[in-house]
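Only one structure is covered here, and it is reproduced in the block below.
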Amino acid sequence: MILAGEATRSIQRTADGRGARILDQRLLPWEIRWVELRDADTAARAIREMWTRGAPMIGATAAYGLAMALAVDASDDGLAAAYAMLVETRPTAVNLRWALDRVREAVAPLDPADRAAAAFARADAICDEDVALCRAIGEHGQALLRELAVAKGGAPLNLLTHCNAGWLATVDYGTATAPIYLAHDAGIALHVWVDETRPRNQGALLTAFELANHGVPHTVIADNAGGLLMARGQVDAVIVGTDRVTANGDVCNKIGTYLKALAAADNAVPFYVALPYTTFDPVTADGASIPIEDRDPDELRLLTGPTGDGMATVRVTDSPAYNPAFDVTPARLVAGYITERGVLSRL
Ligand code: MRU
C-alpha cells in the first residue's frame, strides 16, 4: 500500500514486538493516526468500534489480540476466555474465526510458557499470507481487467466498487482493489466509481482516500446512483469484496451490495467478487444462514466531518432507524469469484 507516498502495511507489530499498530480508520481521510494496541481488550474494542475493519484485517487484528492475551495468561482457561471474547467482536466476517482458529491450533499443543511467542509468530504468518493472497488476487484480476480493456478497444474501463475492500481492509493491496492497483500500475486506463456506502461512508472516506494515494482516477457517487450509471453504459464491471462466501456461493458483503448486483444483472454488467480462501465458509450452507450484524442506529442518524475548525457531528434524523450492516447477494448474480487460484465461476 502507498500511504503519503511511502509503501507500508496497514497492520504491523509494534517496535517492541509485544503489540500491534493499526491506522485509526475512524479519522481517515482527515487525519492519519497510528494506534498501538497493547492488550486483548483494546484489540477487541478496536474491532467492535471499527477503529479497524474489513474481513481480513479484522482477522489479523484478532490474531494479534489473542497473542497479547496469552502474554498475560497463557493457561488453557486464558486461551479459551480470550478466544471467546475476540470471536464475538463482530459476527459476520468469517475471517475473524478463521484467524483465531489458526492461532489457537498453533498454540494449544504447546507448553504455556511458549504460547505467546508462538501466537505472535502465527499472527505474523497470517499477515504475510494475506499479503500474498491479495497480491495473487490482484494478478488474476488484472488479467481479467486487461481482457475487458481490450474488448473496449483501449478506452478507459469504468469499474464500480462498494464499501472498502482495499488495503485498509486487508494487510496490503486489498481484495477488490488489488486488480485495480495492479492494472493501473500496468498502464491499463481505468476509472473507478466509488459508492459512498452509507451509513459509515467507507467508500467516500476510505476507498477514495486509498485510490487518491495510489493516483487512480475515481469519482465518489451516492449509493443510489449506480443503477443509473449502469443503465447508461457507464459501468463496465462491478468488483466488490466480501465478508463471507458460503458453500453455495452466496456472497455476504456491506449493506447495499445486493442492490448493485441486481442492477448489474438487469444491465448485463458483470458483477465480480474478490476474495481469498480465508473468506470462504464451506461449513455454512447458504447466505440466509449467515449472522448479519445490526449496528447502532446512530451510525445512520449522525454524520461527523471536519468544519475547518475541528470535527463536528450533525444529526440527519431523529426518527427510529435500523442499521443492518451487511446483505447477501445470491450466487446466481455473480459473474465470477476473483481468488488467489484464478477467476472462478464456482468456488
Ligand atoms: O463493516 P466493514 O467496513 O468491516 O465492512 C467491510 C466490507 O464489507 C468489505 O467489503 C469486506 O469486509 C471485504 S474487505 C477485503
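Counting convention: from 1, in listed order, for ligands and their atoms alike. This is a predicted model, so every value here is computed, not measured.
The environment of Arg48 atom CZ is dense: over 12 non-hydrogen atoms of other residues, nucleotides or ligands sit within 6.0 angstrom.
Of the protein's heavy atoms, Asp243 OD1, 3.1 Å lies nearest to atom 11 (C) of ligand 1. Shortest contact from atom 5 (O) of ligand 1 to any protein heavy atom: Lys254 CE, 3.3 Å. Among protein heavy atoms, the minimum distance from atom 14 (S) of ligand 1 is reached at Ala169 CB, 3.5 Å. The nearest protein atom to atom 4 (O) of ligand 1, hydrogens excluded, is given as Arg90 NH1, 2.8 Å; this is a heavy-atom distance. Nearest to atom 15 (C) of ligand 1 among the protein's heavy atoms is Thr175 OG1, 3.1 Å. For atom 10 (O) of ligand 1, the nearest protein heavy atom (residue, atom name, distance) is Asn253 OD1, 2.6 Å.
Taking 4.5 Å as the limit, some side-chain heavy atom of Met85 sits within range of a side-chain heavy atom of Asp41. The shortest distance between side-chain heavy atoms of Ile221 and Leu160 falls below 4.5 Å.
Between Arg301 and Asp318, none of the side-chain N atoms (NZ, or NE/NH1/NH2) sits under 4.0 Å from a carboxylate O, so this pair counts as no salt bridge. Taking 4.0 Å as the cut-off between side-chain N and carboxylate O, Asp327 and Lys260 do not count as a salt-bridged pair. Between Arg97 and Asp281, at least one side-chain N (NZ, or NE/NH1/NH2) sits under 4.0 Å from a carboxylate O, which counts as a salt bridge. Salt-bridge formation is not detected for the pair Arg198/Glu196: no Lys NZ or Arg NE/NH1/NH2 atom is positioned less than 4.0 Å from an Asp or Glu carboxylate oxygen.
Within ligand 1, the atoms closer than 4.0 Å to a non-hydrogen atom of Met50 are 1 (O), 2 (P), 3 (O), numbered from 1 in the order shown. For ligand 1, the atoms sitting less than 4.0 Å from at least one non-hydrogen atom of Ala55 are 12 (O), 14 (S), numbered in the order shown with element in parentheses. Close contacts of ligand 1 with Gln202, meaning ligand atoms under 4.0 Å from a residue heavy atom, involve 1 (O), 2 (P), 3 (O). When each atom of ligand 1 is checked for a heavy atom of Pro56 under 4.0 Å away, the hits are 14 (S), 15 (C).
By the 4.0 Å heavy-atom criterion, Asn164 is counted among the residues contacting ligand 1. Remark: distances from the non-hydrogen atoms of Cys163 to ligand 1 include one below 4.0 Å.
At under 3.5 Å, a nitrogen or oxygen of Gly54, whether backbone or side chain, sits near a nitrogen or oxygen of ligand 1. Considering backbone and side-chain N/O atoms, Arg53 comes within less than 3.5 Å of an N/O atom of ligand 1. Between Phe326 and ligand 1, no pair of N/O atoms sits closer than 3.5 Å.
At a 4.0 Å heavy-atom cut-off, ligand 1 does not touch Thr279 at all. Here Thr170 has side-chain heavy atoms under 4.0 Å from ligand 1, and that is the only part of it that gets that close. Contacts between His162 and ligand 1 below 4.0 angstrom, taking non-hydrogen atoms only, are absent altogether.
In this structure, a donor-acceptor pair under 3.5 Å is absent between the side chains of Tyr64 and Gln12.
Atom CZ of Arg18 and atom CG of Asp39 lie 13.5 Å apart (nearest 0.5 Å). Note that OH of Tyr181 is 3.5 Å distant from CD of Glu210, once rounded to the nearest 0.5 Å. From Arg200, atom CZ reaches atom CZ of Arg295 across 5.0 Å, with rounding to the nearest 0.5 Å.
Take Trp51 and apply the ring pair (Phe, Tyr, Trp, His ring centres under 6.0 Å) test, not counting sequence neighbours, and it matches no residue.
Closest to atom 13 (C) of ligand 1 by heavy atom, among Thr92, Leu275, Thr242, is Thr242.
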